[in-house]
Amino acid sequence: MKIGVTTFVTDHGIGPVPLGLAVEERNFESFFMPEHTHIPVSRESPFMPMTAKSDLVLAGERVPPEMSAGDLPEKYARTPDPLVALSAISAVTGRLLIGTGILLVAQRDPIILAKQVASLDHLSGGRFLFGVAAGWNREEMRNHGTDPRLRNAVLRERILAMKEIWTREQAEFHGTHVDFDPILSWPKPVSVPHPPILVGGEGHPS
């Protein structure tokens with residue numbers, strides 16, 4: 001059995017480098033970090049602690065709206081950029097797999113993100129696990145110019161576009177939400193054909 005660790009790393013606790021070292025020293029397989037670029041002060045998107053949601057989901061019950069309006073813990077606004085933090089961890093570890101759990105692809109530029117992911121996988125020797133999801137905080141998405149109603153479609157197209165960039169010398173993509181003519185972009189990922197893409201999520205369709 002392979003066991004990994006996922007946690008919120010913030011500026012109020014242990015830093016990513018000593019934590020990553022501690023995880024590797026204890027022979028865990030992997031370490032994952034979540035992402036929120038920011039948390040809007042005014043928020044209407046419902047939030048419910050994962051443990052409470054999990055209890056209902058495991059019981060086969062629907063999460064009622066009135067149970068999804070909890071206060072958002074401060075840690076959501078205090079997370080460092082996971083790709084930057086994971087790069088620091090990769091520089092001081094040798095076998096630990098590092099991953100995003102998850103990265104909000106619908107809030108990121110796909111050409112820049114493709115470069116960041118490829119660079120991290122290249123520099124870490126192919127140890128990056130690319131956890132992705134569409135996200136739940138509608139106000140956060142809107143601040144990035146993403147229509148929350150389209151986030152799953154945007155996520156899908158951006159993943160497909162990044163796969164083209166990672167696997168082709170000259171990549172191009174023409175879709176509804178992503179559109180670019182042939183480009184050159186290196187480095188390519190060490191992982192073949194690209195880092196594993198792990199799709200996470202829970203809840204009801206957008």
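No hydrogens, no waters, no symmetry mates; every other heavy atom, side chains included, goes into these values. Small disclaimer: the values here were computed from a predicted structure and weren't measured.
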D179: which residues meet the side-chain contact (heavy atoms from CB on, under 4.5 Å) condition with it, sequence neighbours left out? H174
Non-neighbouring partners of V23 that pass side-chain contact (heavy atoms from CB on, under 4.5 Å), sequence neighbours left out: V5, L19, F28, F31, L96
Any chance you could pull the hydrophobic cluster mates of [X], using side-chain heavy atoms under 4.5 angstrom and chaining through other members?
X    : answer
V92  : V17, L21
L184 : W186
L104 : I102

Expected list for residues 129-137: side-chain donor-acceptor pairs under 3.5 angstrom, two or more places apart:
{"residue": "N137", "atom": "OD1", "partner": "E139", "partner atom": "N", "Å": "3.3"}
{"residue": "N137", "atom": "OD1", "partner": "E140", "partner atom": "N", "Å": "3.2"}

Would you say the side-chain atoms of [X] pair up with the backbone N or O of [Y], donor to acceptor, closer than 3.5 Å?
X    : Y    : answer
K75  : L72  : no
T146 : Q107 : no
R95  : E24  : yes

Suppose the criterion is side-chain hydrogen bond (donor to acceptor under 3.5 Å, both in side chains): which pairs have a residue in residues 117-127, not counting sequence neighbours?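 Every side-chain hydrogen bond (donor to acceptor under 3.5 Å, both in side chains) pair that includes a residue of residues 117-127, provided the two are not neighbours, is T93-R127, D121-S191.
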For residues 153-167, which residue pairs pass the side-chain hydrogen bond (donor to acceptor under 3.5 Å, both in side chains) check, not counting sequence neighbours?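 Every side-chain hydrogen bond (donor to acceptor under 3.5 Å, both in side chains) pair that includes a residue of residues 153-167, provided the two are not neighbours, is E164-R168.
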Suppose we screen for salt bridge (charged side-chain N to carboxylate O under 4.0 Å, His left out). Which residues come up paired with E29, at least two apart in sequence or across chains?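 Listed in chain order: nothing, the list is empty.
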Taking all non-hydrogen atoms of both residues into account, name the closest pair between S45 and R43 and its distance.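 Scanning both residues, the minimum pair turns out to be O-NH1, 2.5 Å.
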For the residue pair P82 and T100, what are the closest heavy atoms and their distance?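 That closest heavy-atom pairing would be CB-CG2, 4.1 Å.
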Residues in side-chain hydrogen bond (donor to acceptor under 3.5 Å, both in side chains) with D109, at least two apart? none
Could you pull out all residues at least two apart from R26 that satisfy side-chain hydrogen bond (donor to acceptor under 3.5 Å, both in side chains)? none
Sequence neighbours excluded, every pair satisfying ring pair (Phe, Tyr, Trp, His ring centres under 6.0 Å) that has a member inside residues 1-23: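 Of all non-adjacent pairs touching residues 1-23, those that pass ring pair (Phe, Tyr, Trp, His ring centres under 6.0 Å) are F8-Y76.
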Could you tell me whether E172 atom CD has more than 12 heavy atoms of other residues or ligands within 6.0 Å of it?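 It does: E172 CD has more than 12 such atoms within range.
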